[in-house]
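This report concerns only the one structure given below.
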Amino acid sequence: MKALFKSGPQAGFELVDRPEPRTGEDDVKIKVVTTGICGTDLHIQAWDPWAQENIHTPLIPGHEFYGEVVEAGSLVRDVQVGDRVSGEGHIVCGTCRNCRAGRRQMCIRTVSVGIQRDGAFAEYVVIPETNVWVHRDPSITPELGAIFDPFGNAVHTALSFPLVGEDVLITGAGPIGLMAIAVARHAGARNIAITDISASRLDLAKRMGANMTIDVSHERMAEAQEQLRLTEGFDIGLEMSGRASALREMIDNMTHGGRIALLGLPTEDIAINWGKVVTHMLTLKGIYGREMFETWYAMSAMLQSNPVLHQAISGVITDVLPAAEWERGFEIARHGAGGKVVLDWRRI
């Protein structure tokens, strides 16, 4: 099969022939149709310090995908050949304390598809049946199905706290931040403001339903607070950028008792005003991945019940390219001016 492959500890990928993955008795084999390019994949391609610390080669990367089941192991019960599926990329042990308590997203032995084991930038990928999400809704296109993983990040983050009637501040208008706008609007937020430095992404944010966009290269969050007539600050913060300046400024613009969900992964230590966190009684909550599988049920239900949300999330996909043009796809994703980039593996 054709696959993007990192043969050793160096920058870059190669599109090469690799053996098809073998299907275990609890596994399903999926013929990949589409894949999304994630920031994690950019780190792996560049072989930056994060990748050097977390990745072991050889490796086929890729964890955002949509495809069709072509083979099921002998112990597979609920997934059928021919099912259209996406996959939860975090494979858990099932026996640690959190797994046994039903908190699988907190498994201490998590193995990630496309990071610690071969992933979906290939014609075929194999994952356990327990990680397969079958799409029952015919409106889920191959492109939309490919971004269920990052959409799940947006849903998990945005729905960490009740949003009805709340004023929401989002830092970072990347694809996940953009999707969080639509989720917050669906969940009943009153005002939604979002920050970035990319004019094109801030334009996308307006189309997603943001009340206000903030170009932090020359505007401040306090100005947004004033223009939205928020006398006490934002109620909910969704930190998607991983930037120290974004978190510090967000803390400064939260109301007393405000709540912040943090998804963005920082590349350095962040010093914040802990005195303000304490005296303003702020709540900071770390978010990683998706809740298994409540987030997946919420995603599917929201898309099926709300055509406006469906259109908005689909609109985050700004570029669909043949898998043969993967280098151009990675270049577009790395440039960071648009939305989500999807590769089509039917065209290699």
Side-chain angles (χ1 to χ4, degrees), residues 1-6 12-21 28-42 44-45 59-71 81-89 113-115 118-127 131-135 137-154 174-176 178-179 200 204 299-300 303 310-348:
M1 68 174 185
K2 292 292 185 184
L4 281 187
F5 186 59
K6 182 175 282 292
F13 297 131
E14 300 171 275
L15 184 61
V16 298
D17 288 308
R18 296 294 299 165
E20 287 187 20
V28 299
K29 180 187 285 189
I30 299 160
K31 182 173 178 58
V32 177
V33 176
T34 49
T35 54
I37 298 177
C38 174
T40 301
D41 302 318
L42 300 179
I44 298 172
Q45 183 199 30
L59 177 76
I60 297 171
H63 57 276
E64 303 176 2
F65 68 92
Y66 169 97
E68 181 180 332
V69 175
V70 294
E71 184 180 336
V81 170
D83 281 345
R84 301 174 309 115
V85 301
S86 296
E88 166 57 59
V113 174
I115 298 176
D118 281 343
F121 283 149
E123 291 186 87
Y124 296 94
V125 65
V126 165
I127 60 174
N131 283 69
V132 174
W133 184 260
V134 179
H135 292 291
D137 180 358
S139 75
I140 302 300
T141 64
E143 294 76 22
L144 183 54
I147 66 167
F148 258 57
D149 176 296
F151 179 37
N153 290 336
I176 297 174
L178 292 170
M179 288 188 278
S200 57
L204 272 173
M299 283 191 281
S300 293
L303 289 172
H310 192 293
Q311 183 178 7
I313 299 302
S314 298
V316 170
I317 303 166
T318 54
D319 298 272
V320 180
L321 291 85
E325 297 180 23
W326 66 270
E327 289 175 293
R328 186 160 71 93
F330 271 75
E331 182 180 348
I332 293 169
R334 192 174 297 280
H335 185 59
K340 199 69 182 175
V341 180
V342 170
L343 300 178
D344 187 336
W345 286 85
R346 294 166 295 189
R347 296 185 286 163
I348 54 171

Only one of Asp17, Ile60, Val32 passes side chain to side chain contact (heavy atoms under 4.5 Å, CB included) with Met1, and that residue is Ile60
Exercise. Do the side chain of Arg328 and the main chain of Leu321 share a donor and acceptor less than 3.5 angstrom apart?
Worked result: no
Ala337 backbone acceptor or donor facing Ser200 side chain under 3.5 Å:
yes
- Item | Under 3.5 Å: donor-acceptor pair, side chain of Asp83, backbone of Val85 | no
Test item: Ser86 side-chain N/O and Trp133 main-chain N/O as donor-acceptor pair under 3.5 Å: no
For Pro142 and Val33 the tightest heavy-atom approach is CB-CG1, 3.9 Å
| said: For a quick check under 3.5 Å, do His63 and Thr40 share a side-chain donor-acceptor pair by atom type? | reply: no
Check: Ile44 main-chain N/O paired with Lys6 side-chain donor or acceptor under 3.5 Å: yes
Legend entry - Heavy-atom check, side chain of Val316 versus side chain of Phe151, under 4.5 Å: no
message = Can you tell me if Glu20 has over 12 outside heavy atoms packed within less than 6.0 Å of its CD?
response = yes
Residues Gly114 and Leu59: closest non-hydrogen pair is O-CD2, 3.5 Å
Practice prompt. Would you mind reporting whether Asn153 and Met179 have side-chain heavy atoms less than 4.5 Å apart?
Written response: no
